[in-house]
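Accompanying notes for the structure given below.
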Amino acid sequence: MGTLVRLVIHAADSSAMAPAFARIRELDQELSDYKPDSELNQVCRTAHDRPVRVSGDLFRVLEAAQKIAGESDGAFDVTIGPVTHLWRQGRMPDPETLHRCGWRNLVLRDHTVLLKLPGMQLDLGGIAKGYAADEALATLRARGIKSALVAVGGDIAIGDAPPGQQGWRIGIDPVGGELLLHNAAVSTSGDTEQFREIGGVRYSHIIDPKTGRGITSRIAVTVVARRGLEADPIATAISVLGEERGRALFGRRVRSLLVSQNR
Ligand code: ADP
Ligand code: MG
């Protein structure tokens with residue numbers, strides 16, 4: 001997933017760490033679009049003529065992604081892969097590339113995936129880290145460790161509060177604030193860390209699917225929800241939608257929503 005994973009646990013020993021890291025490695029092998037042999041990339045190569053059966057993890061993540069795509073009117077869209085792959089080379093998409101995108105061209109049914117157009121590429125970079133944090137936390141919990149924090153880059157999943165405390169203290173960089181949380185997920189999205197300069201303009205690695213261009217609004221969005229599988233894509237969606245539309249569409253659905261504007 002191209003990022004740093006950090007686990008903090010309250011436990012008698014560290015033996016549950018290895019299985020939690022192994023779970024994240026397993027998910028990386030299934031969901032990465034950087035690894036040519038990942039399950040995701042195999043599906044992108046084969047799911048054109050007929051539906052392809054996929055793992056429970058991949059199906060769960062794609063289902064969650066399609067739900068947020070619908071709710072955000074396509075601002076969150078995992079079919080944006082052809083555009084993000086060009087972005088990584090510092091290139092703008094041409095109309096032909098944009099034609100190969102669109103969340104309605106991804107069809108999910110009975111644990112199968114069908115891609116309606118040739119040359120489609122799925123990119124789970126806006127949702128997989130949140131899910132990986134959830135799953136590592138669940139792996140720890142299954143081994144009896146209830147008070148834990150898992151950070152997969154900017155996507156954090158949190159279990160019970162540390163012994164004798166009200167919650168885990170999470171600093172929110174962009175707004176300089178602090179949250180005290182337990183049994184929650186926190187995701188931050190925005191253009192502060194990853195961007196490309198093209199023609200003197202600073203474009204985020206978050207793409208507005210309507211234009212195929214990286215957003216330029218310099219927004220930073222932090223979402224607190226029950227699970228990373230929601231917090232991560234909703235934070236990305238609101239980065240595209242902007243604060244006003246983001247609050248209107250998701251404000252009631254998430255536990256809290258912090259937006260800051262960097263200029
Ligand atoms: P980060 O990767 O910094 O945690 P995000 O969770 O916002 O940030 O995810 C950004 C990544 O999601 C991009 O690098 C790209 O892989 C993918 N992506 C970009 N734009 C979109 C979009 N509109 N919808 C879904 N995924 C996107
Ligand atoms: Mg995200």
Side-chain angles (χ1 to χ4, degrees), residues 1 30-34 38-88 92-132 155 187 189 203-215 221 223 225 227-242 245-246 248-250 253-254:
M1 294 180 199
E30 290 173 338
L31 307 177
S32 170
D33 72 318
Y34 283 89
S38 68
E39 183 189 13
L40 180 83
N41 279 334
Q42 287 177 35
V43 167
C44 292
R45 286 194 293 270
T46 54
H48 295 287
D49 314 321
R50 59 192 169 80
V52 169
R53 204 179 161 79
V54 301
S55 67
D57 287 321
L58 181 52
F59 196 77
R60 212 166 298 137
V61 171
L62 289 174
E63 260 189 338
Q66 291 294 77
K67 187 160 178 266
I68 304 296
E71 290 175 3
S72 67
D73 189 24
F76 185 81
D77 186 343
V78 294
T79 70
I80 201 76
V83 176
T84 54
H85 284 225
L86 284 181
W87 185 93
R88 289 177 200 163
M92 290 286 186
D94 48 86
E96 185 276 326
T97 305
L98 277 176
H99 272 301
R100 285 187 278 132
C101 304
W103 65 279
R104 289 194 170 82
N105 299 314
L106 164 62
V107 182
L108 305 177
R109 197 169 294 143
D110 299 334
H111 276 83
T112 68
V113 173
L114 175 69
L115 303 171
K116 294 210 305 204
L117 304 174
M120 283 175 71
Q121 174 69 48
L122 304 177
D123 175 351
L124 302 177
I127 188 167
K129 292 194 286 291
Y131 181 63
D155 296 293
S187 288
S189 267
Y203 294 98
S204 165
H205 69 137
I206 298 169
I207 308 290
D208 181 347
K210 294 218 155 63
T211 62
R213 288 170 178 246
I215 60 168
V221 179
V223 169
R227 306 228 175 269
L229 190 57
E230 291 181 303
D232 187 5
I234 291 175
T236 306
I238 295 175
S239 300
V240 173
L241 292 164
R245 280 199 73 208
L249 290 175
F250 293 103
R253 195 162 167 306
V254 301

Check your understanding: Considering all heavy atoms of both residues, which atom of Cys44 and which atom of Leu115 are nearest to each other, and what is their separation?
Key -> CA-CD1, 3.8 Å
Point to revise | Spatial distance of atom CD (Glu39) from atom CG (Leu31) [nearest 0.5 Å] | key: 7.5 Å
**Study point:** Any side-chain donor near an acceptor of the partner, Ser189 and Thr236, under 3.5 Å
**Key:** yes
Check your understanding: Just by distance, do the side chain of Ser239 and the backbone of Ala235 share a donor-acceptor pair under 3.5 Å?
Key -> yes
Check your understanding: Does Thr84 reach the side chain of His205, with side-chain heavy atoms less than 4.5 Å apart?
Key -> no
Review point. How far does CD of Glu30 sit from CZ of Phe59, to the nearest 0.5 angstrom?
Key: 14.0 Å
Check your understanding: Side chain of Gln66, backbone of Trp103: donor and acceptor closer than 3.5 Å?
Key -> yes
Revision key, fill the gap. In this structure, CG of Leu241 is separated from CD of Glu71 (nearest 0.5 Å) by 11.5 Å
Exercise for review: Spell out, as yes or no, whether a donor-acceptor pair under 3.5 Å connects the side chain of Gln121 to the backbone of Thr79.
Suggested key: no
Point to revise | Ile234 vs Arg253, side-chain contact (heavy atoms from CB on, under 4.5 Å): CA-CA, chis, key distance, verdict | key: CA-CA 10 Å; Ile234 291 175; Arg253 195 162 167 306; 3.2 Å; yes
Point to revise | Trp87 side chain to Ser204 backbone, donor-acceptor under 3.5 Å | key: yes
**Study point:** Residue pair Arg213 / Val83, side-chain heavy-atom distance below 4.5 Å
**Key:** no
Practice item. Would you name the heavy atoms of Gly125 and Lys129 that are closest together and state the gap between them? Key: O-NZ, 3.2 Å
**Study point:** Nearest-0.5 Å distance, NZ of residue Lys210 to CG of residue Leu98
**Key:** 12.5 Å
Check your understanding: If you measure from the Lys or Arg side-chain nitrogens to the Asp or Glu carboxylate oxygens, is any gap between Asp77 and Arg104 under 4.0 Å?
Key -> no
Practice item. Measure the CD1-CD1 distance between Ile215 and Ile206 for me, rounded to the nearest 0.5 Å. Key: 4.5 Å
Check your understanding: After noting the C-alpha distance and the side-chain angles of Leu62 and Leu106, does the key distance pass the side-chain contact (heavy atoms from CB on, under 4.5 Å) rule?
Key -> CA-CA 9 Å; Leu62 289 174; Leu106 164 62; 4.2 Å; yes
Check your understanding: Between Ala237 and Ala75, what is the shortest heavy-atom contact and its length?
Key -> O-CB, 4.1 Å
Check your understanding: Would you say the side-chain atoms of His48 pair up with the backbone N or O of Leu117, donor to acceptor, closer than 3.5 Å?
Key -> yes
Practice item. Test Phe76 against Ile127 for side-chain contact (heavy atoms from CB on, under 4.5 Å), laying out the working first. Key: CA-CA 10 Å; Phe76 185 81; Ile127 188 167; 3.9 Å; yes
Exercise for review: Can you spot which of Asp155, Leu229, Leu124 makes a side-chain contact (heavy atoms from CB on, under 4.5 Å) with Tyr131?
Suggested key: Leu229
Check your understanding: When rounded to the nearest 0.5 angstrom, what distance separates CG in Leu40 from CZ in Arg45?
Key -> 10.0 Å
Check your understanding: Between Arg88 and Asp123, is there a salt bridge with N-O shorter than 4.0 Å?
Key -> yes
Review point. Is a donor on one side and an acceptor on the other found under 3.5 Å between the side chain of Thr112 and the backbone of Leu108?
Key: no
Revision key, fill the gap. Residues Pro82 and Gly119: closest non-hydrogen pair is CG-O, 3.9 Å
Review point. Taking the side chain from Ser72 and the backbone from Ile68, do they hold a donor-acceptor pair closer than 3.5 Å?
Key: yes
Point to revise | Pair Glu230 + Lys67, salt bridge at N-O below 4.0 Å | key: no
Review point. Are Met120 and Asn105 close enough that some pair of their side-chain heavy atoms sits under 4.5 Å apart?
Key: yes
Review point. Do Val107 and Lys116 pass the side-chain contact (heavy atoms from CB on, under 4.5 Å) test, and can you show the C-alpha distance, the side-chain angles, and the key distance before you say yes or no?
Key: CA-CA 8 Å; Val107 182; Lys116 294 210 305 204; 3.8 Å; yes
**Study point:** Considering all heavy atoms, the nearest Asn41-Asp33 contact
**Key:** ND2-O, 3.2 Å
Check your understanding: Can you name the nearest heavy-atom pair linking Gly126 to Asp232, along with the distance?
Key -> O-OD1, 2.8 Å
Exercise for review: Inspect the surroundings of CG in Asp110 and state if more than 12 heavy atoms from other residues, nucleotides or ligands are less than 6.0 Å away.
Suggested key: no
